[in-house]
Structure formats: structure tokens, C-alpha cells
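Within every chain, numbering begins at 1; the chains are lettered A, B, ... in the order of the sequence lines, protein sequences first and strands thereafter. All of these numbers come straight from a predicted model, not from anything done at the bench.
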Amino acid sequence: MSDGGGRGDGGARDDFFSEAQELVDGLGRDLLMLDDLLKKGRVDPEIINDVFRGVHTLKGLSGLFGATRMAGLSHQLEDLLDELRLGRIDIGVGVLDLLFRAVSLYARILAAEKGEAEDPVHDVEQLLLALGQVSGRRTGEGVGAVAQYELDPGLLGVLTEYEEHRLRANIQQGFGLYRIRALFSLATIDTALDAVKANARPHGEIITYLPTGSSSDADTIELEILMASKAPLGVLSAAIRSSGVTVEEVQRREPTTAALSIHMTGAPQGPAAASAAGAVPSVHPGLAPTGQERESRPSVLEGPRPTGTSNVPAVTAGGKASSARAPGQGEMSLRSVSQTVRVDIRKLDRLMNIVGELAIVKTAIARLTERARGRYVEPREFATELARLNRSFERHLAQMQNGILEVRMVPLGQAFDKLARIVRQISREHLKEVNLVITGAETEIDKLIVEELSDPLMHMIRNAIDHGIEARDDRLSVGKPVVGTIALNAFQKGNHVVIEVEDDGSGMDPKALTAAAIRRGVVTADEAKEMSQREVFALVFMPGFTTKEVATDLSGRGVGLDIVRTNISKLGGVVDITSDVGIGTKMTITLPITLAIINVLLVEIGGRPFAIPLASIEEAIAFDEAALRTVELREVLSVRGVSLPVCRLDRLFGLTTSSRRARSFVVIAQVGDRRMGLIVDELIGQQDIVIKPLGRSLARVRGFAGATELGDQRVALVLDAAALLEEVLVPGETRFFGAAEAVRS
Amino acid sequence: MRRVLVVEDSVSTRAFVRAVLEAPEFADALGGCQVVEATCGFDAMRLLPRDRYDLIVTDINMTDINGLELIRFIRRSAHHRQTPLLVISTLRAQHDAERGIALGANVYLPKPFTPEQLRASCAELLAGPAHPSSGPPSGGHRAP
């Protein structure tokens with residue numbers, strides 16, 4: 001698949017965005033790991049090298065694709081990281097701060113490259129300045145004396161500068177050098193080598209892999225692996241031994257120069273050496289981590305966790321807050337610019353199989369057509385055959401649909417990873433210690449929703465740290481643990497995914513909320529009296545509620561929760577909030593699993609078809625108009641003893657129903673905790689539909705998720721049950737009037 | 001048809017090299033150019049003995065076996081002792097690139113490079129044995 005052409009052509013550029021996004025996401029994860037290790041006073045040189053390699057690749061990419069801002073940033077970052085990995089600068093919290101800043105800048109630069117955001121010129125310049133200051137603080141360790149290490153010159157000649165540094169660092173730590181020779185089949189070398197690596201890693205660091213021998217045999221390859229370890233030969237060879245693998249110690253000669261003899265007193269072996277190495281303060285990258293640390297690493301690397309609770313790095317605010325909370329950071333977005341989904345090839349294989357099955361059905365239909373054309377076919381026999389084919393076709397189509405939906409599903413962990421970074425950043429800015437506890441990162445949801453979810457979640461978490469979690473002293477005085485906790489829980493509930501953001505902060509006082517809302521003119525005093533507690537908490541989602549006066553004790557400064565609610569309801573979801581003073585606040589997002597293909601109930605209102613997503617329908621029942629009662633100006637219907645507010649959709653949409661009928665139908669919709677009956681004229685039936693967005697001129701009309709084409713060429717509007725319920729049930733001005741125009745046009 | 005093996009772990013860089021070398025304006029001059037991609041050193045070692053290549057383009061900073069080790073392997077192998085070899089790596093990896101040249105690579109082209117620079121380096125290497133008098137191609141550093 002060749003793109004032809006050079007710079008900037010579509011295909012290669014898409015590759016660029018998806019690769020760059022993946023690299024930036026990877027950097028974020030690596031930095032969190034470094035941060036976590038650093039708090040325990042440890043450094044893993046391999047992660048630093050991974051970060052370096054990531055930035056190095058980003059730099060190469062951005063150069064090739066003409067992303068100059070990104071190339072400039074990468075260039076300077078690479079300088080710093082090179083110094084770090086070569087051990088010339090020590091890694092510390094300050095340096096990590098800069099690297100975290102760089103990661104969020106990368107995201108903004110990528111969005112700018114895509115034309116989705118403004119180029120963060122100013123912020124990049126500031127960071128470059130700060131990076132320059134770090135790079136200037138070199139300790140200037142001499143490089144180049146590697147030739148004196150008395151290793152095979154052939155091997156030394158193929159080491160990269162980094163590998164040379166790692167070799168030197170390990171020797172300085174007094175570790176022994178070992179040569180592992182292994183014969184691999186070229187076809188399976190990747191997995192076979194992984195096994196060797198996994199066995200070797202707990203015992204030390206692999207410096208390099210050198211292919212040796214002749215290539216006369218094209219199917220096998222001999223590798224010489226150079227490894228540094230504090231374990232004695234016996235332990236090491238026992239750990240690594242497998243067929244075709246030998247381990248030998250690299251012989252040391254007496255050091256020849258005085259300078260070297262200080263460090264090169266030979267590699268001591270046994271427990272004494274191990275304990276000596278362990279006693280060295282370990283904040284220098286030159287120190288190879290112990291086996292335990294290494295083993296702990298993969299568990300942090302995996303994005304989504306299989307089960308249970310995982311503890312994302314506890315974020316501890318250090319002595320100084322990061323000085324620059326860069327201007328315009330409110331515009332920061334966590335959305336990724338990549339629109340690529342990584343798919344397990346087996347899922348695609350299954351789809352391919354289904355396509356094969358469908359081809360068989362097609363052939364059968366063709367054969368049947370041919371038969372009917374050639375001679376008279378008994379109609380009943382023809383119909384039976386056709387019905388059989390139709391069933392088979394339907395079955396495969398349903399499988400196909402499920403398969404494609406499955407391909408669109410990604411674990412929520414993709415969004416959660418980025419949030420962990422945000423928690424670290426915000427809590428450092430606010431000098432609060434916050435522990436983010438994530439459960440259910442493996443919960444799967446449509447890729448599109450994950451992307452749209454990042455920003456609302458970021459706002460909610462920012463809000464929780466800003467205004468939920470109390471300052472350290474306040475927590476101490478009420479007997480709470482100094483470290484605040486924000487729990488991010490995700491789980492599936494039927495056709496919905498529920499995400500909870502729960503903090504153990506100060507909570508919200510309903511009385512103070514209503515008072516503020518009345519003062520702000522968001523609600524009247526009379527309305528406030530009628531409000532349930534849930535409605536009161538929902539006030540924080542009202543536009544205009546986040547004002548300065550209220551901000552000090554209740555809500556955000558400009559970080560509007562109303563945006564959160566708007567964005568969530570665009571996704572067909574709802575946000576609910578509960579809070580207890582002194583105990584904490586919990587916000588709950590309920591979302592549909594996918595937006596792509598949905599199962600709907602088709603209904604008729606005023607002679608027109610409408611679709612209501614089945615996911616938000618509890619039941620549909622026939623009822624007698626006489627059973628309706630009016631309570632406090634609202635029509636209610638008693639269903640099995642529970643009175644339910646109802647809404648006449650024909651009136652709401654400004655449609656006239658031809659004749660007043662004695663019997664109508666009520667569709668009981670439920671989203672989150674809200675329930676309402678929607679009165680319709682007729683029930684048509686269930687159907688799977690593909691939602692198409694309404695045109696731009698109708699984009700602002702609330703209450704509709706989009707439109708869909710029905711089999712008979714008619715177009716049906718798809719109701720957005722979440723928005724509809726909110727508009728009708730929540731007091732305050734109704735923004736629904738536009739709906740009538742939408743229906744008529 | 002000239003066959004070029006590109007050894008590089010970045011998918012977009014591979015796509016870029018392919019786009020440049022397989023573009024008609026470059027391919028026409030050489031009677032067509034076909035790019036084969038290897039994602040790592042092992043991948044390259046699998047591909048190399050099975051086919052003829054007129055040019056090998058390799059990165060240096062790769063996981064497992066690095067580009068230098070690959071160059072040494074290629075220069076010692078029976079099949080590609082003479083095949084022209086272009087090293088693409090960032091300018092800051094000058095030290096590594098010099099080692100590559102010492103191990104038998106022909107030209108070092110620092111990243112990032114323009115399509116023109118890549119074309120110039122590849123065209124010269126594909127044209128035949130090196131002419132010491134011809135000087136380095138634009139942007140490329142020829143081995144002494």
C-alpha cells in the first residue's frame with residue numbers, strides 16, 4: 001500500500017498522528033512510573049532510556065512531517081534525556097515536573113498540528129527556557145574510556161553511546177559481566193528471546209545483543225548477550241538455562257590505569273557484593289535496580305488491569321509547587337488526536353469468517369433467483385426457501401454488527417492513564433496530597449466515547465482536588481488522613497457504563513447551595529422549596545452557577561461543571577451528584593456503551609415515526625387516557641401504584657394528533673435515576689438503526705440524538721432520552737422550544 | 001526494479017521512506033523502486049538471506065540488536081557484503097553513526113531529512129560503486 005508522493009500526503013500523515021499519539025501516551029505512563037519509583041528513592045535506567053527513545057522517535061517523526069514546534073521541543077528534551085540516561089544529570093522531582101509539562105504540551109501541539117487547537121507558542125517557549133536551564137547544570141562526567149575495559153574490541157565497536165554508558169555504570173557498581181550465548185531459530189527468535197530476557201532481568205541488566213557466527217544457515221542465528229549482574233555464575237546460569245543457551249563469565253584482567261582501579265577492583269561476588277551494592281543511595285540512574293523492582297515494573301506497564309483495585313502512583317506534593325502553571329492551561333485537552341483503534345487480529349478474523357458466511361448466503365440467493373427464472377417454482381416452496389435464507393442472512397448480519405462493535409471497544413484505562421497524570425499535576429499545584437485509586441479500568445466502551453470522556457473527567461477531577469479535598473491542616477484538624485483519596489470507579493451495568501468520581505473531601509451543604517442559587521438568580525425561592533436533594537446538588541451543573549462569590553467554598557473558578565454536563569449528555573449520558581458534608585462528594589456518569597448502532601423502539605407521534613433508544617426504555621404499556629391525573633400542574637400516571645410524571649410528546653413537538661383517542665401508549669424511559677412516561681400514539685416495533693447527526697443548522701436543538709433512515713425511505717428523528725428527561729423534569733427555563741422546528745423541517 | 005530494505009522501528013519513518021522512494025519521479029529514474037520494510041534487526045536478518053537487495057537503509061537506535069550490530073552482521077554475511085548501506089539516525093547520534101561507518105556503512109544521513117536529501121543519498125548509492133571524487137550528496141556524510 002504505497003501512498004506515493006512525499007511530505008504531507010494523507011496516509012503517511014495519519015500514520016504520523018497515530019504513532020505520535022501512542023508515543024506521547026507511552027511517555028506519560030513511563031513518567032508516572034519514574035515518579036512512583038522516585039518517591040521510593042529508586043531509579044530505573046531502563047525507563048529513562050524508554051523515555052529517551054520515545055522523544056528521540058518523536059523528534060525524528062516531527063522533523064520528517066514538518067511539525068517544527070514539536071521538533072524544537074523534542075530536540076531540547078532529547079538533550080536533557082540523553083544527559084539523564086548517560087548519567088550526567090540526576091533525575092529529581094524538578095526534572096520530572098518539566099517532563100510532565102512536556103507531555104501535556106505535546107498533546108496540545110499535536111492538536112494544533114491537526115488544526116483542532118491553537119499553537120501553544122508561548123508555553124513551548126517557556127518550557128524550552130526552563131529545559132535550557134537544566135541542561136546547563138551538567139556534571140560533566142568524562143566519556144570515552146570504554147576501550148580500557150578490556151572487553152572484546154569487536155563487541156565494543158558495536159555498542160551505542162548509551163550501551164557504553166550502561167556498561168561503565170554497571171562495572172562501577174561492582175557488578176560482574178557475563179556472556180550469554182544462545183542459538184535461536186530466526187522464525188521464533190522474538191518469543192524465545194523474550195523468555196531469556198524474562199529469566200535474566202531479575203538478576204541484572206542486559207547491555208546488548210550481538211548476532212555472531214556466519215549467516216550460512218539462514219534459519220538460525222547465534223546471539224551473544226552481554227549482561228551485568230551481581231549474581232554469581234551458578235545462580236545466573238541456573239536462572240537462564242534452557243536448551244541452546246550457555247552462560248559464561250567475562251574474564252577480567254588487572255586494571256591498567258590508576259583512574260580505573262578505584263572502581264574496577266573486580267566484580268565481587270556473593271552476598272557481600274550484593275549487600276554492598278544495595279547500600280548505595282539509589283537516586284542515581286547509574287544504579288541498576290534490584291530484582292524486586294524489576295519484577296514490579298511490568299504490572300505498572302500494563303494499561304488496563306485485569307481485576308480489582310489498582311493503586312496508581314500516590315501523588316505527593318513536594319516542597320515547592322511547580323512554579324509555572326502555564327497560562328491558558330484551562331484550554332488543555334486530554335483528547336488524543338489519533339483516530340486509530342488497535343484491534344486484536346482475532347476479532348478481524350472472526351469478521352472475515354462472517355463475511356465468508358454472508359457470501360454463501362448471497363450465492364444461495366443467486367441460485368434461487370436462477371431457479372425461479374428458469375421454470376415455474378411453487379410459490380410456497382419459494383417462500384420457504386427465501387425465509388430460510390433471510391434467517392441465515394439476519395443471523396450473520398447480527399454477528400457482523402456485534403463484531404464491528406467489538407472492534408470499536410477500548411478499555412476505559414486509556415482515559416484513566418492520562419487522568420493519573422493530571423492528578424499528579426494538579427495536586428502538586430495545590431500542595432495537596434492525593435491518592436488516585438482506580439477500579440474497573442478494563443471496562444470497555446466505544447473508542448469515540450472514551451475520547452469525548454477525557455475532558456469531562458479531567459474537569460471533574462480538577463474540581464474534586466480544587467474544592468473537594470481539604471488543605472492538609474484542615475484534614476488533620478477533623479481527623480482525616482492527610483492524604484486525600486479520589487476514587488475513580490468504572491463498571492458495566494446492562495447496556496450502560498457507569499463511572500464514579502468520588503472524593504473524601506469536605507462535601508457540599510445543600511442549604512448553602514440553594515442560598516447561593518437563589519442569590520445568583522438561578523432558581524427562585526419558591527422553586528428552591530420544591531426541590532429534592534438531588535435537584536439541589538444538580539444546581540452545580542447549571543450554567544452561571546460557578547461565580548466568584550460561590551467559587552471560594554463550592555465550585556470551580558471557571559472550570560464549569562455545566563460544560564461537563566453538556567458534554568456528557570451529548571454522549572447520551574447523564575451526570576448525577578450526591579454529597580455529604582464532611583464526608584465527600586460522588587459524581588456518577590452513566591453512559592451508553594456505544595454510539596454507533598443502537599437498538600430502538602419505533603413509535604408514531606402525530607403520524608410521524610420517531611425512534612427511542614431501547615437502552616433508556618424500561619417498558620412500554622397501553623393506558624387509558626382517563627387514568628391521567630394532574631398533580632401540581634404536572635400530568636402524572638399511576639403505574640402499578642407508583643405515580644410517574646408524563647410528557648405528551650405531540651404537544652412538546654407541536655404536532656397535532658388527528659383524533660383524540662381513548663387509548664394511547666406510554667413509553668417509560670429511565671436514565672440514571674430519572675424516570676418519566678413519554679406518551680405516544682402508536683408503537684411500531686423494535687429495530688437496529690445507525691444514527692446520523694442532524695445538520696449544522698439543527699445542531700443546537702436539544703432533545704434529539706440525531707436522525708435515522710428507515711427501511712421504507714422515511715426518516716425518523718431519534719430522541720435523546722437523557723436530554724429530554726433533563727429538560728422536562730429539571731426546573732428552570734426550558735431550552736426545548738427549538739424542538740418544534742426540528743420536527744417540522 | 002531496484003529493491004531497498006528499510007530497517008526502522010518507527011512506522012511513520014518507514015512510511016515516509018517508502019513514499020519518497022516509491023514515488024514515480026524517483027522510481028522512473030532508476031526503472032522502478034520497491035521498498036521492503038523491516039521493523040527491527042531480527043526482521044532484517046530474516047529477510048536478508050532470502051532475497052537480493054540493492055540498498056539497505058537502517059536506523060541505529062533500535063531495541064534488541066541495534067543498527068551497529070546489524071551493520072556488522074551484514075558486512076560479515078555472505079549475501080550482502082557489498083550492498084550499499086545508508087545509516088539514518090539523528091544528528092546527536094553522530095558518535096554512533098561514525099561507528100556505523102567504521103563498521104562498513106557507506107553514508108550517514110542525519111534525521112530529519114528532506115525527501116530531496118533522501119533521494120540524493122539513495123540515488124548515489126544505487127548508481128554504483130562509490131566515486132571518491134564525487135563528494136558527499138547533499139546532507140549526507142560519506143565514509144572516508
Original post:
Short question: side chain of A:Asp15, backbone of B:Val11 - any donor-acceptor pair under 3.5 Å?
Top reply: no
Subject >> Residues B:Arg14, A:Glu19: salt bridge by 4.0 Å N-O rule >> reply: no
Original post:
Hey, what do you get for OG1 (A:Thr208) to CG (B:Asn66), rounding to the nearest 0.5 Å?
Top reply: 5.0 Å
Subject >> Distance-minimising heavy-atom pair for B:His95 and A:Glu164 >> reply: NE2-OE2, 3.8 Å
Subject >> Rounded distance (nearest 0.5 Å) linking atom OG of B:Ser10 with atom NE2 of A:His56 >> reply: 9.5 Å
**OP:** Could you tell me which of B:Ile88, B:Ile60, B:Thr63, B:Leu21 has the largest number of non-hydrogen atom pairs under 4.5 Å with chain A?
**Re:** B:Thr63
Original post:
For A:Thr160, does its backbone N or O pair with a side-chain atom of B:Arg99 as donor and acceptor, under 3.5 Å?
Top reply: no
Original post:
Distance from B:Phe42 atom CZ to A:Leu223 atom CG, nearest 0.5 Å?
Top reply: 4.5 Å
Subject >> Value rounded to 0.5 Å, distance of CG in B:Asn61 from OG1 in A:Thr57 >> reply: 8.0 Å
Subject >> Part of A:Leu23 lying under 4.5 Å from any heavy atom of chain B >> reply: neither
Original post:
Do you know which two heavy atoms are closest between A:Gly60 and B:Pro112, and how far apart they sit?
Top reply: O-CB, 4.4 Å
Subject >> Passing candidate, side-chain contact (heavy atoms from CB on, under 4.5 Å) with A:Leu64, options B:Val20, B:Leu118, B:Thr13 >> reply: B:Thr13
Original post:
Quick one: what part of B:Ile65 sits under 4.5 Å from any heavy atom of chain A, side chain, backbone, both or neither?
Top reply: both
**OP:** Locate the shortest heavy-atom distance separating B:Phe73 from A:Pro211; write the atom from each residue and the value.
**Re:** CD1-CB, 3.9 Å
**OP:** Would you check if A:Leu210 and B:Arg72 make a side-chain contact, meaning some heavy-atom pair closer than 4.5 Å?
**Re:** yes
Original post:
Measuring from B:Asp96:CG to A:Glu163:CD, what's the distance to the nearest 0.5 Å?
Top reply: 8.0 Å
Subject >> chain B contact via A:Leu193 - which portion, at a heavy-atom distance below 4.5 Å >> reply: side chain
Original post:
What distance separates B:Arg46 CZ from A:Ile221 CD1, expressed to the nearest 0.5 Å?
Top reply: 9.0 Å
